[in-house]
Amino acid sequence: MMTDTNPSARSGFPEEPLGYDPRAVESRWRQRWAELGTHQADLAHGEDPYYALMMFPYPSAEGLHVGNLFAFTGCDIYARFQRLQGRTVFEPLGYDAFGIHSENFALKVGVHPMELIPRNIANFRRQLDRAGLMVDWTHSVDTTDPGYYKWTQWVFLQLYKRGLAYKKAAAVNWCPSCKTVLANEQVIDGKCERCGTTVEQRFLEQWFFKISQFAPRLLANLDTLDWSATTKQAQRNWIGKSEGARLKFRVIDPVADAGAANVAVTTEMRVDEPIIEVFTTRPDTIFGATYLVLAPEHPLVDQVTGDGERAAVESYRARAAKQDLITRKMEKEKTGEFTGAYAVNPATGAMIPVWIADYVLMEYGTGAIMAVPGHDARDFEFATKFDLPIIRVVAGAGQHGQTKFEGEAYTGDGVLVNSGKFNGLGVEEAKTKVMEALSAVHGGESVTNYRLHDWCISRQRYWGPPIPIIYCDDCGTVPVPEEQLPVVLPTIADFKPDDSGVSPLARHEEWYRTPCPQCGKMARRETDVSDTFLDSAWYYLRYPSVGHDDVAFDKELTKRWLPVTTYIGGNEHAVLHLMYSRFLTMVLRDLGHLDFEEPFTTFRAHGLIIRDGAKMSKSKGNVVNPDDYIDQWGADSFRTYLMFLGPFEEGGDFRDAGISGVKRFLDRLWASVRDCTTSGAPDADVMRKLHATVKKVGEDVPALSYNTAIAAMMEYMNTLRRGERACHRAEVEPVVQLVAPFAPHVAEELWAMLGNEGGVFDSRWPGFDASMLVSDTIEVVVQVGGKTRGKISVAKDVTQDDALAAATADATVGKFITGEPKKVILVPGRLLNVVL
Ligand SMILES: [Zn+2]
Ligand SMILES: [Zn+2]
């Protein structure tokens, strides 16, 4: 691998001198950019602001991954292109350095994260500096810097003050190995995404943000955003809107309420009577609801369970508590337990039994369902297993009220049967009519349900910003006053989590004992730290205001620079990071801190790169280390090659052999500029091709079609240097500007070599002349003696004699025309047939 130290030696153009030396060129320009502040946008006054945002990396100990550089380069090209359009471009980058990844790695190597992270960041910075990014490093952020997380804590307090942050005991996925709570998305097949340990369920007191309250807005706004379609769809699915009904079932005591089966729905519900509320999307099937099922954690379970059933119910609940939430949703043999309680079906007045089963989740809907086994697959399975009644209330084509079920529920469309006065109605109409009837007797109401859960931001870990809350025996929960921020994360040696389910900070009384801000009595700090997704949910607001230490974000700068113009990042963040960022922006707008509610006007998801057809992984040893390639080929070639791999939004396959072709292209451009002349006139055909290339690259780059833009420039180089012709300055100078976003160092070098004042990025993107795009020449296929021998370029209105003369003179096809042709036929615009 990578033994080719002299790329030009195998370039296939032996007549060309050796190419340029990227090491010299690139370090020279990096130094000049730093000296001149080329990458620092004038944030206060720059005209036509353009905020180009890329997802900030987690600074791992392994260093920059080629996937990071792929994403950053794609973003950088877009940003540099905008700059060449004359816009003031702000391209910041920082580090997302808190969180469990850093902490677990620190534990593994036995280095404290406070030592490890600065070291990792220094290494990332070294690597990023070589990558040729137009990053304004004077506006970088590091989420672990108290000067940054002071404002993360401030964000928490804003939500707290508005009642959008609250604490509750919740069933959570618990990884016994990582000793932390996991989001549902972090549980894969019942196992921890990070370590593969089987996940358990625990009940913990946690801080939550009320993102669920924003579900309708988060959903509706998607229609107005210019985002990748796949990202928007992922968000819609995650929000999970469904229209349905909330229905009420009275729980009755069958002994006390003897004859309750005859009690029809009453509008009066007794105060002491437990009411089970269920959410259903099929209120039309209520006549077929033959039992209710509660989630094992449902708060009414204790109250309704009969004495005879209590032992069995308790042991079932204990078993369910051990499972993680994902396993419970998977298809498997149904289990459950009868509670001994009965409820009244509000439509039929019938007494139906109340069960508990783990296939019902507390976190969805109300944690209780009405089971309609005739028309729901899971309910059918459950009812069959436990011998519960199955009633048909929907009849499809050719079916009627007595049609038997053939071993499965009927889930198709049809008309209502066995449903009293609603018989004969279609499913959709019945939904409305049934709900009208039920609301009239307070038996239920139409509701819209969302799957989006509140955001659990508590982490029982060390490596995060402490949640700024103090608990006082007298005053209760007291927020830390803003002027006391930041609550600094203390340096403690024993940062390893234990099995207690509380943060390691809870072992440090000297830290958590603090006076109550309200009454001054000794009180206790919250010892949970916040989720790393909170750090990254607002970082884009901070970049322009870095240096303004008295505010989270400066009003004027925020007005000028936000919302973000273009955000480019990975689709793996489609639901967590991007949703949380939108939510926080909405909240901060509602609180009057911002005057927009969507943070990212445009979002584009990039693809992934693989290597030699396989996913890169450390275990396979096929990870591309950017340092090695930049050492050998230079950053310009590496960048351009990464973008040449495939469509940016799809990704591509990295192959070592491919990069030399890109270097050869840059070498040829370099040689063409070095040797170009200003005497005489540029060639008309070459200039036509140039204008077509300018047009194409100018269309492809903003469409993120980088690979086709590069291909077009390479194709142009072939035209420009056909037969190793010397080229005119006018034919090559605009190519330097076209290539600049991709290969910024060599472009600067060539721009200077051409004697231009100022840098190439202060020039303007070249224009093209539309009238030049119409070609006067056409290509004609030449057949000699019935065999196709090649193509020649001729004028559109060429005569047959001129076409023959051109073919005879052509180096490729001419040698086949031996002697005087017997016959010559020109098919205008297509074919020249020479019969010998
Ligand atoms: Zn784990
Ligand atoms: Zn107090």
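Throughout, residue positions are numbered sequentially from 1 according to the sequence presented. As the structure lists them, so they are numbered: ligands from 1, and atoms in each ligand from 1.
Salt-bridge check for K150 with D549: failed, with every basic side-chain N at 4.0 Å or more from each acidic carboxylate O. Between R317 and D302, at least one side-chain N (NZ, or NE/NH1/NH2) sits under 4.0 Å from a carboxylate O, which counts as a salt bridge.
Annotation: protein N, O or S atoms under 2.8 Å of the Zn ion (ligand 2) (waters excluded) comprise C472 SG, C475 SG, C516 SG, C519 SG.
More than 12 heavy atoms of other shown residues, nucleotides or ligands fall within 6.0 angstrom of atom NZ in K161.
At least one cation-pi condition fails for R604 and W227: the charged atom is not both under 6.0 angstrom from the six-membered ring centre and inside a 45 degree cone around its axis. Judged by the 6.0 Å distance and 45° axis criteria, K168 is positioned over the aromatic ring of F208. For the pair R524 and Y512, the distance from NZ or CZ to the six-membered ring centre is under 6.0 Å and the angle to the ring normal is within 45 degrees.
Checked against E103 for a salt bridge (charged side-chain N to carboxylate O under 4.0 Å, His left out), the options R459, K108, R461 give a single hit: R461.
Residues Y149 and W154 bring no donor and acceptor atom of their side chains to less than 3.5 Å of each other. The closest side-chain donor-acceptor pair between Y359 and D379 falls under 3.5 angstrom.
For the Zn ion (ligand 1), the tally of protein N/O/S atoms lying closer than 2.8 Å stands at 4.
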